[in-house]
Amino acid sequence: MIQSLLIANRGEIACRIIRTARAMGIRTVAVYSDADANALHVRQADEAVHIGPAPARESYLLGEKIIAAAHATGAEAIHPGYGFLSENAEFAEAVIAAGLVWVGPKPDSIRAMGLKDAAKARMIAAGVPVTPGYLGEDQSPERLQAEADAIGYPVLIKAVAGGGGKGMRRVESAAEFADALASCKREAASSFGDDRVLLEKYILSPRHIEVQVFGDTHGNVVHLFERDCSLQRRHQKVIEEAPAPGMDAETRAAICAAAVRAAKAVDYVGAGTIEFIADASEGLRADRIWFMEMNTRLQVEHPVTEEITGQDLVEWQLRVASGEPLPRRQEELAIHGWAMEARLYAEDPAKGFLPSVGRLEIFRPSPDVRYETGVYQGAEITGFYDPMIAKIVVHADSRDEACEALAQACAATDVFPVKTNAPFLWRALDDEDFRAARINTGFIADKGDALLPPTEPSDDMIKQAAAALLVQEYHGHPTMLSGLDDDLLGASQPNPWRGALGFRLNAPQNCRVAVSVDGKVHVTELPANWRRAAVVAEPVADGVAVNDDGLSFLASLPRVGPTIGGAAADGALLAPMPGRISAVDVAPGAQVTKGQRLVTLEAMKMEHALTAPFDGTVAELPVAAGGQVTEGALLVRVEKAA
């Protein structure tokens, strides 16, 4: 058995690997960048090595530094986690050549499945059904346009070397194809160093079904059943579950057998996932499920498989990498209950899900559920890496029970001042169509604004904020309120409702309070015996943070004084977050029309297009492609047409 392990990753997956390794008595070594000097995975590991500046390409993507760190600390093996170098065959070869154990598949297997076009050809030869599309070598825009026209719209453009939704675009018509192709190639080149693409027919009622497979060095390959990852936004998985709803025994047997054939076709060792697209227009059927790709690593959503099988997949990885046979035979594996996972992201649904950065002044996960996280209260969310804060995982006897448990866990998650998608997750899980398993990969897009949380606080939130603020004002100390009467405050303390701060009207039994919530003033009336609803108010530096169903606001008492800050001038487009300019589509003096794309910002591994707010002329353009910008920096200013 491996005795010491270096984790070539960060965040929640590094912490996840450390937890299992520690339980197995394996010494762990973490690596970290400048931005992660105080990260949770650094604190939890037995030893940690600094490997470079914050950008991943200068730290976590430098294989030679990671191998050097393993040698310097006496680590025997390297676990790549997922993302970064996990599916890099050259890195795997370098690890093995350095005399270290690679906790992952053979480099040749990674290569075989790493390029989607070659992988599909191999699957066809192995008798695994694949989606209709174009896998050709001719990458000219003209040929790709012609192939897309022949396949018929909508089509999906996918980066050959892609993953995680990067370099992927759905195209609805021939007129949209050229722009989508250019954007896709740009993103693919930036993320993978390879701008080649393939085309697939887009399935109109698609379900994303994937099968967990595992192989060992003794020729054994098993599956650990399927997961449904259909709830996605911009091709990024949001909520995953296992097993897949509506999957009958015959279809399960067919898809899992196909997954095992796929793994055996590339002599697979370790944890892997075979991803399928299903046409669910008539339910899940074996003859309407096609291979999409293989992920030659552990998946983000592996906890739901662990929950329904009772197996620790990281332990399996470490045992297989040590040369042991698989811990279980196929007939020893079974499904128990239902599991769901939601990805909690640092992003603001009210602002188009733009990433949110800053210090986690409050980070209070819901109790009694499984949390996989790489942060803690007081940690910093930066713009350098993926914005996922945590994975919230539940297990129950039935799908209905799992859904309810996960919805409640999302609603109870308290994060401030960083914005999260928790209220969005709660609404998705509470949706009647989701509860009835009427889902496909277009579910979130089809629901649109119905899943977005309100931008204004509820009356109950305002009342709770007013109560907490007034007690703060009167007593000069933070107080968590459960009521506002003399019994709560104590006989020796003055009742705020009997004071005279100018908030009180003539009626002796209530008071009228002005509260500023996220900069907007609200007026609410509170009775003397009012008791709070199911919301939480917690003192912070500038007032109180109020949480309701995962939605957080900052509330304070309005003060007289000068206004600080302010909106940008009309026509000034500012960077919503730190990032890199990936494209500039206009020049100074250019005439532009409302909605026209002007500049594209790449941040947190995603592209964000900034468009003209109205018809006019480009008056200022202080940025260039490839340049780095800070949050709030002027990117372009448009003067309105006369």
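Values reported hereafter were calculated over all heavy atoms of this structure, with side chains retained and with hydrogens, waters and symmetry mates removed.
Taking both residues in full, the closest heavy atoms of G374 and L40 are given as O-CB, 3.3 Å, listed atom of the first, atom of the second, then distance. Closest non-hydrogen pair, T251 versus L284, comes out as OG1-O, 3.6 Å. Across all their heavy atoms, V222 and R328 have their closest contact at CG1-O, 4.2 Å. Considering every non-hydrogen atom in both L318 and M1, the closest pair reads O-SD, 4.2 Å. Heavy-atom minimum distance, A148 versus F177: CB-CE1, 3.5 Å. Taking every heavy atom of both residues into account, Q139 and R196 meet most closely at OE1-CA, 3.3 Å.
Two residues are said to be in side-chain contact when any heavy atoms from C-beta on lie closer than 4.5 Å; V304 and E241 fail this criterion. Residues I110 and S86 form no side-chain contact, since every pair of their non-hydrogen atoms from C-beta on lies 4.5 Å or further apart. Two residues are said to be in side-chain contact when any heavy atoms from C-beta on lie closer than 4.5 Å; S33 and Y385 meet this criterion. Contact check for M388 versus V300: side-chain heavy atoms found under the 4.5 Å cut-off. Contact of the D549 side chain with the P423 side chain is not registered, since no non-hydrogen atoms from C-beta on lie closer than 4.5 Å. Using a 4.5 Å heavy-atom cutoff, the side chains of F225 and T305 are not in contact. In this structure, the side chains of I17 and L5 come closer than 4.5 Å at one or more pairs of heavy atoms. Side-chain contact between Y60 and L85 is absent, with no heavy atoms from C-beta onward closer than 4.5 Å.
The backbone N or O of R227 lies less than 3.5 Å from no partner atom in the side chain of H208, so there is not a single donor-acceptor pair. In this structure, the side chain of T373 engages the main chain of V375 through a donor-acceptor pair within 3.5 Å. A donor-acceptor pair under 3.5 Å is formed between the side chain of S322 and the backbone N or O of I2. For the pair E306 (side chain) and L313 (backbone), a donor-acceptor distance under 3.5 Å is present. Looking at H41, its side chain does come within 3.5 Å of a backbone N or O of V31 through a donor-acceptor pair. A donor-acceptor pair is defined here as one N or O able to donate and one able to accept, closer than 3.5 Å; no such pair exists between the side chain of W316 and the backbone of R319. Using modelled atom types, no side-chain atom of R252 and backbone atom of P243 make a donor-acceptor pair closer than 3.5 Å. Between the side chain of S109 and the backbone N or O of V266 there is at least one donor-acceptor pair closer than 3.5 Å. Side-chain atoms of N421 come within 3.5 Å of backbone atoms of R343 as a donor-acceptor pair (strictly under, hydrogens ignored). A donor-acceptor pair under 3.5 Å is formed between the side chain of Y268 and the backbone N or O of A271.
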Would you mind writing out the side-chain donor-acceptor pairs for residues 119-129 within the sub-3.5 Å range, not counting sequence neighbours?
unit_1, atom_1, unit_2, atom_2, d
K120, NZ, E200, OE2, 2.3

Donor-acceptor pairs under 3.5 angstrom involving side-chain atoms of residues 435-443: please list them, not counting sequence neighbours.
unit_1, atom_1, unit_2, atom_2, d
R435, NE, L429, O, 2.6
R435, NH1, E404, OE1, 3.2
R435, NH2, E404, OE1, 3.0
R438, NE, D433, OD1, 2.8
R438, NH2, D433, OD1, 2.7
N440, OD1, G442, N, 2.8
N440, OD1, F443, N, 3.2

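Between R427 and D430, none of the side-chain N atoms (NZ, or NE/NH1/NH2) sits under 4.0 Å from a carboxylate O, so this pair counts as no salt bridge. Comment: K419 does not engage D348 in a salt bridge, judged by the lack of any side-chain N to carboxylate O separation of less than 4.0 angstrom. Salt-bridge formation is detected for the pair R285/D287: a Lys NZ or Arg NE/NH1/NH2 atom is positioned less than 4.0 Å from an Asp or Glu carboxylate oxygen. R234 has no carboxylate O lying under 4.0 Å from a charged side-chain N of E347, or vice versa, which leaves the two without a salt bridge. E372 and K391 are not joined by a salt bridge, as no carboxylate oxygen comes within less than 4.0 angstrom of a charged side-chain nitrogen.
Ring geometry for F291 versus F276: interplanar angle over 60°, hence perpendicular rather than tilted (30 to 60°).
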ask   = Which is it for W338 and D397 under the side-chain contact (heavy atoms from CB on, under 4.5 Å) test, yes or no, and what are the steps along the way?
value = CA-CA 6 Å; W338 212 283; D397 291 336; over 6 Å; no
query = Can T420 and T413 be said to form a side-chain contact (heavy atoms from CB on, under 4.5 Å), step by step?
reply = CA-CA 10 Å; T420 78; T413 298; 5.9 Å; no
task = Under the side-chain hydrogen bond (donor to acceptor under 3.5 Å, both in side chains) rule, what do T20 and R16 come out as? Steps first, then yes or no, please.
result = CA-CA 7 Å; T20 288; R16 166 73 188 88; 2.6 Å; yes
request  = Apply side-chain contact (heavy atoms from CB on, under 4.5 Å) to the pair F363 and V415, showing each step before the final yes or no.
outcome  = CA-CA 5 Å; F363 175 53; V415 179; 3.8 Å; yes
From CA spacing to verdict: side-chain contact (heavy atoms from CB on, under 4.5 Å), E210, E301 = CA-CA 10 Å; E210 61 187 34; E301 57 272 21; 2.4 Å; yes
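Checked by atom type, the side-chain pair D279/S281 shows a donor-acceptor distance below 3.5 Å. At a cut-off of 3.5 Å, with distance as the only test, no side-chain donor of Q212 or Q311 sits close to an acceptor on the other residue. For the 3.5 Å distance criterion, the side chains of Q299 and R297 qualify, holding a donor opposite an acceptor. Counting only N and O atoms by type, the side chains of T296 and E87 include a donor and acceptor under 3.5 Å apart.
In D368, the CG atom is not crowded: 12 or fewer heavy atoms of neighbouring residues, nucleotides or ligands sit closer than 6.0 Å. The neighbour count for E331 CD, taken as heavy atoms of other residues, nucleotides or ligands under 6.0 Å away, is above 12.
Put simply, OH on Y134 and CD1 on I151 are 9.5 Å apart, with the number rounded to the nearest 0.5 Å. Atom SG of residue C403 and atom CE of residue M340 lie 4.5 Å apart, to the nearest 0.5 angstrom. Distance check: H223 NE2 to C256 SG gives 4.0 Å after rounding to the nearest 0.5 Å. Here N88 contributes atom CG and L61 contributes atom CG; the two are 8.5 Å apart, rounded to the nearest 0.5 Å. To the nearest 0.5 angstrom, L451 atom CG is 11.0 Å from W426 atom CH2. To the nearest 0.5 angstrom, L156 atom CG is 9.5 Å from T131 atom OG1.
For the pair R399 and F434, the cation-pi test (distance below 6.0 Å, angle within 45°) is passed.
Residues passing the salt bridge (charged side-chain N to carboxylate O under 4.0 Å, His left out) test with R169, sequence neighbours excluded: E187, E607.
Aromatic rings of Y345 and F353 (six-membered ring for Trp) have centroids beyond the 6.0 Å cut-off, not under it.
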